[in-house]
Amino acid sequence: MSKPNNRSIESPITYEAKWAKLWREAKIFEADPVKDKPKFFICVPYSYQNGPLHLGHAFTFTRGDSYARFKRMQGFNVLFPWSWHWTGEAVAGTSERLKRGDPAIIRLLRDIDNVPEDLIPRFTDPAFICKYYTAENRKVVDAMGFSVDWRREFYTTDLHPYYSKFIHWQYLRLREKGFVSKGEHPVVWCPVCQSATGDHDRLVGEGIVPEEYTLVFFKYDEFYLAAGTLRPETIFGATNVWLNPDVEYALLEYDNKRILVSRRAAEKLIEQKHNINVVKLLNAKELIGKKCKAPITGVELPILPANFVDPNVVSGVVYSVPAHAPYDYVALLELQRDLSKSTGIDAKLLKELKPISIISVPGYSEFPALDVVKKMGISSQEDARLEDATKEVYSKEFHEGVMKDNCGEYSGLPVRVARDAVKARLISTGLGDIMYDLSGKVVCRCGNECLVKIVKDQWFLTYSDPKWKEKVKTHIMKMGIFPEEARQWFLNVVDWLHDWACTRKTGLGTSLPWDSSWIVETLSDSTIYPALYTISKYMNEGTVKPEQLTLEVLDYVFIGIGNPRVISKETGIPETTLKNMRDEFLYWYPVDCRISAKELVPNHLTFYLFQHVALFDENLWPRCIGANGMITVEGEKMSKSKGNMIPIKAALAKYGVDATRCTLLLAAEDMDDPDWRDKNAQETRRMLDLFLKIVDEVLSSGLEASENRLDRWLISKMVKKVKNITEAMESLKTRTACHEALYGMYNDWKWYVRRRKKLTRSALRFLDTWVRLLAPFAPFTAEEAWSKLGNNGFVSLAKWPDYHPEEVDEFAEVAEDLLAKLLVDVREIMGVTERKPIKVHVYTPSAWKLNVLSIMLSFDLKEVMRDPSTAIKESLKMFPEKRKDMPILVRKIVEYISSFPMEIPKKVLLELALQEKKIYEDAKSFLESEIGCPFNIWMEDEQKAYDPIGKSKQALPLRPGIFVEMLP
RNA sequence: GCCGGGGUACCCGAGCCUGGUCAAGGGGGUGGGCUUAAGACCCACUGGCGUAGGCCAUCCUGGGUUCGAAUCCCAGCCCCGGCACCA
């Protein structure tokens with residue numbers, strides 16, 4: 001794909017820019033309240049301004065815009081606003097990397113994102129980055145033909161004159177209502193950057209989250225060995241404590257006691273606990289061979305050496321449960337095998353160490369660790385397969401294990417229950433604690449290794465609040481959600497959601513109103529901003545100054561509390577303006593539809609619901625959400641690192657806007673992931689060009705005055721398409737809708753012109769409807785066609801076609817089907833015989849067969865299929881002389897007739913059968929030109945019928961007999 | 001692990017809820033038409049067999065329900081996505 005010009009948007013389709021300009025000049029997408037006109041407020045999530053918009057954005061946006069255009073044509077006053085998300089830490093990260101001269105980031109900006117070389121130095125300012133991309137992307141959005149009311153545009157963060165006012169109001173009100181609380185939580189943390197390290201900020205360790213371990217304190221002398229474990233219930237099976245003899249340990253002052261952990265663990269704990277001091281460093285060798293006392297059981301255990309103990313994992317101290325932990329079992333075996341290694345250890349004691357079985361698991365012996373180690377043939381603690389062995393035992397024991405009789409008050413409990421109970425007891429008696437650690441190595445983008453930090457004084461949105469959840473769930477059950485599968489997903493997310501840390505220390509954003517050392521986190525500042533669109537034009541136009549947007553003003557506009565006269569006096573905003581703002585908010589709200597990628601279901605979209613439910617009256621809660629898939633390119637996930645990221649601009653430059661829009665829409669609907677393929681885009685381009693060519697051809701060809709069944713066929717097919725497309729759009733099935741509007745209509749058109757060389761006015765009517773049906777998907781091409789067809793104004797504002805059921809003509813439709821079927825049959829005969837036809841004879845059935853059809857249509861065809869005897873008897877009453885042929889005939893007819901679509905009325909089928917001969921006769925010249933030889937149409941029992949091999953007898957109603965005369 | 005979505009022909013994909021209209025539609029390929037030629041466009045074919053419109057096979061695998069199953073039920077195999085402080 002060619003590199004796009006960075007300065008302007010260029011499309012190979014010249015009329016696109018023309019129409020974009022005309023729309024802009026006519027301001028047709030600027031939406032203001034119109035009394036008594038139904039409104040439709042649709043929006044898409046604003047995009048983060050850290051790069052050029054790409055096809056992934058374009059997919060969601062195009063769905064949104066097509067729906068907006070559809071609703072506008074249906075007569076709604078449609079508001080489709082736009083804005084930009086600047087909140088977040090990523091842009092700041094880019095700036096930092098640039099400041100450090102990171103060559104990768106320079107390459108990315110210059111080569112992937114096409115930032116002009118001279119501007120790159122200015123990217124050290126995060127605000128500049130956002131400003132730059134906003135300007136670039138606005139051009140792209142405009143070029144895409146999105147029908148946006150730009151008067152309402154804004155961006156986020158306190159760099160913006162009024163957005164932060166809105167966020168302050170929102171958070172003060174949320175806090176008053178008790179939806180914000182203070183607490184602490186563990187995060188993956190980079191000690192160098194002094195900030196949380198999210199998945200996107202990591203070089204290594206994507207997906208790794210803080211894991212909660214239990215520290216178990218073993219008393220030794222005046223301090224405790226703090227062993228870390230995921231399985232505190234195994235304390236009953238402890239035989240010894242492991243230390244790594246080659247590792248440095250640290251003695252810590254900790255909660256009025258002293259504990260021993262690895263030196264590395266001490267560094268970690270400092271980020272997690274208050275008042276920790278390192279008293280001194282210790283060599284593990286000093287402790288090897290000594291004894292310590294286990295908590296709860298009070299048993300004396302030896303301290304033994306083990307090199308599998310990793311000082312980087314949890315506390316660097318491990319207690320040994322050889323019966324149930326493969327690592328421990330193998331380490332013990334090794335020690336016992338090679339006593340020389342264990343200098344300073346009482347050999348007798350070592351030999352006497354035996355696994356203690358404390359958990360029974362179905363399918364295993366009393367020592368599951370031993371079973372698994374034997375099965376896998378592991379003999380060294382360096383063996384990597386110990387990981388798998390551990391996983392197996394862990395999982396089996398957790399799900400199916402039961403504590404044995406030797407576990408005190410926990411005996412008989414399932415492992416999963418005992419685990420929490422033992423943990424709680426350890427902590428409450430001061431003989432244990434919680435420590436967080438990472439299950440794998442995480443390296444920050446800055447190159448430093450991360451650890452777990454407990455962030456204190458963190459602010460949370462209390463999404464775990466059961467009452468709040470309940471209200472949200474009730475609303476989810478009532479609102480529109482497309483596709484339907486997404487509804488259950490939303491319900492699950494609400495169930496699963498817990499409190500959300502809504503503040504950050506770094507990056508761009510809006511300060512927390514009551515504590516400016518925090519900023520509101522990026523997902524948390526973007527939940528109810530659609531409300532801001534309803535009044536942002538007042539500020540953008542200067543009617544209301546940003547500083548006039550006080551809490552009282554916002555309370556009045558959004559909640560309806562306060563006296564506008566008083567507020568007007570206090571703020572200087574004219575009272576009528578205040579009232580207009582309030583009215584405008586109430587006019588547009590609630591949001592009728594929000595369209596987004598499905599990745600936002602478990603976060604943004606759910607938060608969006610929570611916050612609306614918390615802040616607004618029920619009648620202002622969102623009415624509908626549409627979730628869609630995420631794009632792939634030629635079957636591969638799109639990403640900058642893969643180098644297959646396609647900016648919208650590049651696609652437009654190659655295929656033009658409408659082809660890009662339609663290719664996206666045609667790629668998928670519902671939550672399926674669309675796949676962008678160059679081949680498809682080229683094909684769509686061809687189709688759109690062909691459409692305009694068809695318009696030109698129709699306009700330049702003379703029209704015939706007299707219309708016939710074929711014209712009724714065309715209109716019938718057309719109105720059915722109108723119905724299908726309208727219904728598809730109403731449930732956001734944009735793929736079906738676009739496909740039918742483009743290819744479905746085209747296929748009907750092809751048959752029509754194939755059948756009729758001279759066009760009639762119906763062709764014009766068909767085109768008129770076709771253009772309207774295409775307008776939401778390919779608006780530029782539609783405008784171009786619309787003006788070619790001699791219309792004034794814009795098809796964008798034209799009326800969406802109505803469904804006229806009275807114009808459905810089943811007779812005409814099936815009549816054409818009969819002709820098509822006849823052609824298929826004749827061709828099949830030709831194909832089999834592989835000879836050239838010289839004449840085709842078609843035989844329609846004789847009258848008595850039609851009578852039988854008529855009798856059968858008085859029965860339920862399904863019944864006749866199952867048991868034809870009644871229908872046969874009934875038919876024999878009328879034609880007793882056909883006793884021999886009747887059973888077969890009835891079966892054949894019912895089989896064939898029931899292959900017609902169910903919705904065709906029986907009356908129509910009968911009428912068709914009666915007129916069958918005429919249908920073929922009328923189409924004789926068409927049939928002859930298709931097959932390339934003369935046709936004769938006979939009736940079965942016609943005297944003069946030419947029927948050398950008796951094919952006329954095969955004639956059934958709606959299925960003629962055929963004899964193809966061929967060259968020998 | 002938990003939750004969600006899937007497996008359809010050479011490729012992409014519809015159909016499944018509500019069983020019979022059915023294996024849509026598009027791409028690619030093959031043949032033909034149009035054309036000085038190319039492209040565009042139009043037509044046919046594109047699982048197998050067949051010298052008469054037919055027969056057989058097929059919708060991840062294996063069972064079942066039914067007159068009838070891509071569709072409903074059961075079991076299994078495989079793939080993809082989300083899982084939180086990240087936009």
Side-chain angles (χ1 to χ4, degrees), chain A residues 45-50 85 87-91 185 187-188 196-202 207 209 391 395 398-399 455 458 460 463 483-486 488-489 492-493 495-504 507 521-524 526 598-604 629-630 632 635 637 666-673 675 677 679-680 682-684 686-687 689-690 693-694 735-736 739-740 742-744 747 750 753-754 821-835 861-862 865-867 895 898-904 930 932 949 951 954 959-964 966:
Chain A
Y46 46 30
S47 60
Y48 188 48
Q49 294 305 299
N50 67 335
H85 204 195
T87 310
E89 314 206 54
V91 163
H185 76 135
V187 296
V188 179
T197 310
D199 258 358
H200 302 280
D201 300 321
R202 297 177 192 175
V209 294
K391 253 184 208 157
S395 160
F398 179 72
H399 292 288
V455 177
Q458 172 64 266
F460 290 89
Y463 290 149
E484 190 55 40
E485 304 97 84
Q488 190 55 48
W489 191 6
N492 292 342
V493 169
D495 272 336
W496 153 94
L497 204 64
H498 49 245
D499 290 350
W500 181 262
C502 63
T503 54
R504 275 307 101 72
E521 174 270 339
T522 171
L523 283 169
S524 307
S526 36
K598 63 184 173 186
E599 61 176 342
L600 298 189
V601 169
N603 44 68
H604 163 70
M630 281 145 64
T632 57
K637 217 172 159 173
L666 291 169
E669 67 193 1
D670 294 342
M671 287 199 286
D672 293 338
D673 295 330
D675 186 24
R677 281 171 190 266
K679 274 262 156 56
N680 294 358
Q682 291 188 26
E683 159 54 29
T684 309
R686 272 205 296 275
M687 186 61 226
D689 293 341
L690 177 60
K693 226 170 104 188
I694 290 171
R735 178 193 153 108
T736 301
H739 187 271
E740 286 292 285
L742 205 51
Y743 291 102
N747 282 338
K750 272 197 298 193
V753 294
R754 187 171 154 195
K821 180 79 172 86
L822 178 59
L823 286 176
V824 165
D825 283 347
V826 171
R827 286 200 174 102
E828 182 158 358
I829 293 164
M830 287 158 59
V832 171
T833 56
E834 288 176 336
R835 279 187 288 170
L861 286 181
K862 278 192 178 183
M865 279 263 269
R866 190 173 329 212
D867 177 16
E895 201 170 285
S898 49
S899 76
F900 282 87
M902 305 276 237
E903 61 264 23
I904 300 173
E930 286 287 319
I949 58 170
K951 280 289 172 186
Q954 286 187 6
R959 191 172 194 272
I962 300 167
F963 170 59
V964 182
M966 281 170 281

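These values consider heavy atoms only, across backbone and side chains, with no hydrogens, waters or symmetry-generated copies. Residue numbers start from 1 in every chain, and the chains themselves are labelled A, B, ... in the order their sequence lines are given, proteins ahead of strands.
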Write down the distance separating the C1' atoms in B:rC59 and B:rG7, rounded off to the nearest Å. 10 Å

By nearest-heavy-atom nucleotide on RNA chain B, the more 5' of A:Met687 and A:Met671 is A:Met671

I'd like to check A:Val91 versus A:Tyr48 (side-chain heavy atoms, cut-off strictly below 4.5 Å). Are they in contact? yes

What contact category does A:Glu930 fall into here, base, sugar-phosphate, or nothing, at under 4.0 angstrom with non-hydrogen atoms? nothing

With respect to the side chain of A:Lys679, which nucleotide from B:rA44, B:rG28, B:rA84 is positioned closest? B:rG28

Check whether any side-chain heavy atom of A:Ile962 sits under 4.5 Å from a side-chain heavy atom of A:Leu822, and report yes or no. yes

Once you apply a heavy-atom cut-off of 4.0 Å, does A:Thr197 come out as touching a base, just sugar-phosphate, or nothing? sugar-phosphate

Please classify the nucleic acid contact of A:Val187 as base, sugar-phosphate, or nothing, using heavy-atom distances under 4.0 Å. nothing

B:rC86 and B:rG6: how far apart are their P atoms, nearest whole angstrom? 32 Å

With respect to the side chain of A:Glu89, which nucleotide from B:rG53, B:rC11, B:rA87 is positioned closest? B:rA87

Looking across every strand, which nucleic acid part, if any, lies under 4.0 Å from A:Lys598 by heavy atom: base, sugar-phosphate, or nothing? nothing

Touch check for A:Asn680, heavy atoms < 4.0 angstrom, all strands: base, sugar-phosphate only, or nothing? nothing

Just the rounded figure in Å: distance from P of B:rG25 to CD of A:Glu669. 17 Å

Which part of the nucleic acid, if any, lies within contact of A:Thr87, taking any heavy atom under 4.0 Å across all strands shown: a base, the sugar-phosphate backbone alone, or nothing? sugar-phosphate

Which value, in whole Å, describes the distance between the C1' atoms of nucleotides B:rG53 and B:rC34? 30 Å

Atom CH2 of A:Trp489 and atom P of B:rG81: how far apart are they, to the nearest Å? 12 Å

Using atom P of each nucleotide, how far apart are B:rG63 and B:rA57 to the nearest Å? 15 Å

Evaluate the side-chain proximity of A:Lys637 to A:Asp673: yes if any heavy-atom separation is below 4.5 Å, no if none is. no

A:Phe963 side chain: which of B:rA84, B:rA52, B:rA40 is closest? B:rA52

Using a 4.0 Å heavy-atom cut-off, does A:Asn747 contact any base of the nucleic acid, only the sugar-phosphate backbone, or nothing at all? sugar-phosphate

Rounded to the Å, how far apart are A:Tyr743 OH and B:rC41 P? 10 Å

Side-chain contact check for A:Arg686: nearest option of B:rG26, B:rA84, B:rC41 is B:rC41

5′-ward residue of the pair A:Ile962/A:Leu497 relative to RNA chain B: A:Ile962

Once you apply the 3.5 Å cut-off to both distances, tell me the Watson-Crick or G-U wobble partner of B:rC83, or none. B:rG1

What's the gap between B:rC41 and B:rU58 when it is taken at their P atoms, as a whole Å value? 37 Å

Given the P atoms of B:rG48 and B:rU66, what is the spacing between them in whole Å? 35 Å

P atoms of B:rG27 and B:rG13, separation to the nearest Å: 15 Å

Would you indicate what A:Leu523 reaches in the nucleic acid, counting non-hydrogen atoms under 4.0 angstrom: base, sugar-phosphate, or nothing? base

Give me the distance, rounded to whole Å, that separates B:rC73 from B:rC11 when you measure between the P atoms they each carry. 28 Å

Residues A:Arg735 and A:Ala667: closest non-hydrogen pair is NH1-O, 3.6 Å

Would you indicate what A:Asn603 reaches in the nucleic acid, counting non-hydrogen atoms under 4.0 angstrom: base, sugar-phosphate, or nothing? base

Just the rounded figure in Å: distance from P of B:rA84 to CZ of A:Phe460. 14 Å

How is A:Val824 classified with respect to the nucleic acid when contacts are heavy atoms under 4.0 Å: base, sugar-phosphate, or nothing? nothing

Check whether any side-chain N or O of A:Arg735 sits under 4.0 Å from OP1 or OP2 of B:rG15, and answer yes or no. no

Identify the nucleotide, in any strand shown, that forms a Watson-Crick or G-U wobble pair with B:rC10, with both distances under 3.5 Å; if there is none, say none. B:rG27

Find the distance A:Glu521:CD to B:rA87:P and express it as a whole number of Å. 7 Å

Nucleotide of B:rG27, B:rG53, B:rG82 approaching A:Gln954 most closely (side-chain heavy atoms): B:rG53

Across all strands shown, which nucleotide pairs with B:rU35 by Watson-Crick or G-U wobble geometry, both distances under 3.5 Å? none

From B:rA87, B:rG53, B:rA84, pick the nucleotide closest to the side chain of A:Thr522? B:rA87

Classify A:Arg959 by what it touches in the nucleic acid, base, sugar-phosphate, or nothing, heavy-atom distance under 4.0 Å. base

Determine whether A:Pro45 and A:Leu600 make a side-chain contact, defined as any pair of heavy atoms from C-beta on separated by less than 4.5 Å. yes

Compare all side-chain heavy atoms of A:Val455 with those of A:His185 and state whether any distance is below 4.5 angstrom. yes

Heavy-atom side-chain contact between A:Leu666 and A:Asn680 under 4.5 Å: no

Any strand counts, and the cut-off is 3.5 Å on both contacts for Watson-Crick or G-U wobble. Which nucleotide pairs with B:rC72? B:rG64

Per the atom types in the model, does the base of B:rA14 pair as donor or acceptor with the side chain of A:His739 at under 3.5 Å? no

Do A:Asp825 and A:Lys821 touch side chain to side chain, with heavy atoms closer than 4.5 Å? yes

Grab the CH2-C1' distance between A:Trp496 and B:rG1 for me, whole Å please. 14 Å

Which part of the nucleic acid does A:His604 contact within heavy-atom distance under 4.0 Å: base, sugar-phosphate only, or nothing? nothing

Take the protein atom CD of A:Glu599 and the nucleotide atom P of B:rG5, then report the distance between them rounded to whole Å. 18 Å

With a 4.0 Å cut-off on heavy atoms, is A:Glu683 in touch with a base, just the backbone sugar-phosphate, or nothing at all? sugar-phosphate

So, A:Gln49 versus A:Ser47: side-chain donor-acceptor pair below 3.5 Å or not? yes

Measure from CD on A:Glu484 to C1' on B:rG5 and round the result to the nearest Å. 15 Å

When all nucleic acid strands are considered with a 4.0 Å heavy-atom cut-off, which category describes A:Pro960: base, sugar-phosphate, or nothing? base

Please confirm whether the shortest side-chain N or O distance from A:Lys750 to OP1 or OP2 of B:rC41 is below 4.0 Å. no

Closest listed nucleotide, where the reference is the side chain of A:Arg754 and the choices are B:rA44, B:rA84, B:rA87: B:rA44

